[in-house]
Chemist: 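Here you go, one structure.
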Amino acid sequence: MAVALNSILPRDFLEGKNFPKADISEQSGEFREHTFYYPYDHEREEFYITELRKNERTLILFPTKDAAQKFFKKLPQDLASEALLWPSTGGEKLMFAWEAAFYHWKRIIVGSQGAVFAPLFPEKIIIEDEANPAYIFQRNPRISARDMAVRRANFLNARLILSGTMPSLSTFLRVAPKESSLIPARDNIVLTDINYSRREEAQGIDGNIPITFSLMKRTYREIAKGNNVMWILNRLGNSSEVFCGNCGQSIKCEKCGGVMRSENFGELLRCKICKHTQAVPEKCPNCGYKLFKGKRPGVEALYEIAQRYYKKVYLYCKSSEDNLYSNVSRNVSGGLVLATQRGLELCDKINPSLVAWLDLDSELWRPDYDTQYRVFRMLWESYWRGRSERSERKVLIQARRSGMKLAEYLPRGWTKFLTNELESREEFMLPPYSYMLEIYTETTKLRDTVMDIFMQADFMVMDPGDIKLPLQISVDSLESVQKILESNATFQKAMKKQEIKFTVRRE
């Protein structure tokens, strides 16, 4: 409870300041749910501005702080004077924002996750890109700001507008929104067989990166026109693992013993589990050999490879720790940008005419029940994000059979894909037809204990085999899980020490 209150309230109230009494007697409306799914970002922004002019108390949520700030800066002056950008930090700014919302000094609140707690008592709630997983808080309690906003709208009899480029599965199941007539042209989705690609290697790294002739030719063509191109390889760093060139033993993390990823072009090692960083050792701790090699080249190795063929190559790479390795200027013109999936946010600035996925199948191999939906959503975003109606964009996908099968849904639209995905989820009783409990543990021993407890209670536990990924348990109701948590001393002790984290998903 204390953790939840710290997320919701300014510190002043937690330290004893009198808490004002809420009055929702003015909430005389009726809960109504609407949807607006349209691929062009600027069209949705204009729709939101039209809604904000209707003189209603409105809470408008965005999945990220940057997206909220970007929209807030675009507000016309008359609306900006009535609006407040919800702060992402605490202190005096949060206290002022809280009072401005509570006493209706401002009738429009714009913000990301934390704004869902704004005491505005809105008459209307708008949720942009409602399918975005960024609405789930990364700190405890790991709840969905999107789901909380929906519940608030229902409780306060407010209008609810769910929006984005495509709906979440739960919204599609509940509301069945109509898709716009705008879907990717079949000629703009280029599928290339990864089995017939060149296998490019980076110095000192075992493994290769596939690059097809079609990708090389189309990239040259677009750069020659002065357009920008983006290649996506969703592997961080220089290589996924570092090992001794003599005995073959991998370098392990000094803190937790996890596998280390090479970053900063081989100058730094980062643990994939605990994120600890350390320098590359002078010699192998096992045999004393002084030469190390990498396994599975990442996006930094791709940078070395791409420079062999193109003059203007840029690297844009954000790690999970939000460290930014980037030489992408705001005025990129006629260049090749290399990125992980997070690089799609650059489409708002550079509007590439070609976005290429170098190995889509590696995305589909991830051990998660929602992999198909997540990958399709990324493909859909790579076609539409940052585009104007006057610009053209092609999406080139290097894939094998499974990747090509998924990509073929793009020119058919998201309705076809979501219908098929729901049929598969219903067959196996996966969200949104059930709850998916995800459990993260600090140690392998505790993880095994958790598995035994749930398996003894006749739950099916899905273990991806990687401690940095959660155990997944599909349950019909949360009450049965609550009984296990309350009756087991191991759980209680681990939770107090914050050695266990839970996430409940319904998507």
Side-chain angles (χ1 to χ4, degrees), residues 39-41 64 66-67 165 184-185 187-192 194 197-198 200 209-237 297-319 324-363 374-388 390-399 403 406-407 410:
Y40 291 117
D41 299 342
T64 65
D66 290 345
T165 58
D187 291 344
N188 289 339
I189 306 300
V190 182
L191 303 180
T192 61
I194 205 171
S197 61
R198 296 171 57 130
E200 297 285 348
I209 298 176
I211 298 179
T212 59
F213 177 72
S214 178
L215 172 61
M216 296 284 289
K217 179 180 68 174
R218 291 174 185 273
T219 300
Y220 273 122
R221 184 187 303 164
E222 294 303 319
I223 290 177
K225 294 178 184 177
N227 296 330
N228 296 317
V229 175
M230 180 179 289
W231 288 4
I232 298 176
L233 180 66
N234 211 13
R235 290 200 295 267
L236 287 167
V299 70
E300 291 178 16
L302 178 62
Y303 181 71
E304 174 193 322
I305 293 168
Q307 286 182 310
R308 302 170 189 166
Y309 302 102
Y310 306 100
K311 292 182 179 180
K312 296 170 68 175
V313 182
Y314 305 90
L315 175 64
Y316 183 83
C317 181
K318 275 187 175 180
S319 74
L324 177 64
Y325 303 95
S326 174
N327 63 351
V328 179
S329 70
R330 293 183 175 222
N331 301 313
V332 173
S333 179
L336 170 60
V337 177
L338 311 176
T340 61
Q341 70 176 64
R342 293 185 68 173
L344 289 174
E345 64 192 21
L346 269 183
C347 291
D348 297 331
K349 297 179 180 179
I350 67 172
N351 190 16
S353 61
L354 173 66
V355 176
W357 293 82
L358 269 60
D359 190 356
L360 188 68
D361 295 86
S362 64
E363 297 301 307
R374 182 182 54 78
V375 174
F376 179 85
R377 191 175 180 281
M378 289 192 301
L379 292 176
W380 191 261
E381 181 182 5
S382 64
Y383 184 81
W384 293 110
R385 184 162 184 174
R387 277 187 59 195
S388 67
R390 297 183 299 275
S391 63
E392 286 290 331
R393 182 178 298 170
K394 293 185 184 295
V395 176
L396 186 147
I397 298 163
Q398 296 186 162
L406 178 64
L410 283 170

Chemist: State the CE-OH distance between M216 and Y310, to the nearest 0.5 angstrom.
Modeler: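 The OH atom of Y310 is 4.0 Å from CE of M216, to the nearest 0.5 Å.
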Chemist: Looking at E304 and R308, is there a salt bridge between them, counting it only when a charged N and a carboxylate O are closer than 4.0 Å?
Modeler: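 Salt bridge between R308 and E304, a charged N being under 4.0 Å from a carboxylate O: yes.
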Chemist: If you round to the nearest 0.5 Å, how far is CG of L233 from CG of L302?
Modeler: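 Spacing of CG (L302) from CG (L233) equals 5.5 Å.
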Chemist: Can you tell me if Y309 uses its side chain to pair, donor with acceptor, with the backbone of Y220 under 3.5 Å?
Modeler: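 Checked: no pair found.
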Chemist: For L344 versus M378, what's the shortest heavy-atom pair and its separation?
Modeler: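 L344 and M378 have their closest heavy atoms at CD1-O, 3.9 Å.
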Chemist: Does the side chain of I397 reach to within under 4.5 Å of the side chain of L406, using non-hydrogen atoms?
Modeler: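 Counting from C-beta outward, I397 and L406 never come under 4.5 Å.
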Chemist: Might you point out which heavy atoms bring N351 and R393 nearest each other, and give the distance in Å?
Modeler: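 Taking every non-hydrogen atom into account, OD1-NH2, 2.7 Å.
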Chemist: Is there side-chain contact between L354 and V190, with heavy atoms separated by less than 4.5 Å?
Modeler: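 Result no, sub-4.5 Å side-chain heavy-atom pair not found.
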Chemist: Quick check: do M230 and Y316 have side-chain heavy atoms less than 4.5 Å from each other?
Modeler: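 Answer no - side chains too far apart.
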Chemist: I need the L360 CG to L379 CG distance, nearest 0.5 Å.
Modeler: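 Answer rounded to 0.5 Å: 5.5 Å.
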Chemist: Ignoring hydrogens and angles, state whether a donor on the side chain of R221 or N227 is under 3.5 Å from an acceptor on the partner side chain.
Modeler: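 There is no such pair between these side chains.
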Chemist: Are the side chains of D348 and R385 in contact, using a 4.5 Å heavy-atom criterion?
Modeler: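 Sidechains of D348 and R385: in contact.
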Chemist: Would the distance check show the side chain of Q307 and the main-chain N or O of V313 forming a donor-acceptor pair, the cut-off being under 3.5 Å?
Modeler: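 No, the answer is negative, given that no donor and acceptor are paired below the 3.5 Å cut-off.
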Chemist: Would you name the heavy atoms of N188 and E392 that are closest together and state the gap between them?
Modeler: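 That would be ND2-OE1, 3.6 Å.
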Chemist: Can you name the closest pair of heavy atoms from S214 and L396 and give their distance?
Modeler: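 Of all heavy-atom pairs spanning S214 and L396, the closest is OG-CD1, 3.8 Å.
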Chemist: When you measure from the side chain of T219 to the backbone of L215, do you find a donor-acceptor pair of N or O atoms at a distance under 3.5 Å?
Modeler: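 Here the side-chain-to-backbone pair exists.
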Chemist: If I take atom CG from residue L336 and atom CD1 from residue I223, how far apart are they, to the nearest 0.5 angstrom?
Modeler: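 Separation between the atoms: 5.0 Å.
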Chemist: Hey, can you tell me if Y40 and W384 have their rings parallel, tilted or perpendicular (30° and 60° cut-offs)?
Modeler: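 Geometry flag for W384 against Y40: perpendicular rings.
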Chemist: Kindly give the heavy-atom pair with the smallest separation between L191 and A407, and that separation in Å.
Modeler: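 The answer is CD2-CB, 3.5 Å.
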Chemist: Just verifying a value: how many Å separate Y303 OH and Y314 OH, rounded to the nearest 0.5 Å?
Modeler: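 Between atom OH of Y303 and atom OH of Y314 there are 9.5 Å.
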Chemist: Restricting to non-hydrogen atoms, name the atom on T340 and the atom on I232 that form the minimum distance, rounded to 0.1 Å.
Modeler: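 For T340 and I232, the tightest heavy-atom pair comes out as C-CG2, 3.8 Å.
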Chemist: Do the non-hydrogen side-chain atoms of E363 and Q341 ever get within less than 4.5 Å of each other?
Modeler: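 Side-chain contact under 4.5 Å: yes.
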Chemist: Quick check for you: to the nearest 0.5 Å, what is the distance between Y383 atom OH and L410 atom CG?
Modeler: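 With rounding to 0.5 Å, OH (Y383) is 9.5 Å from CG (L410).
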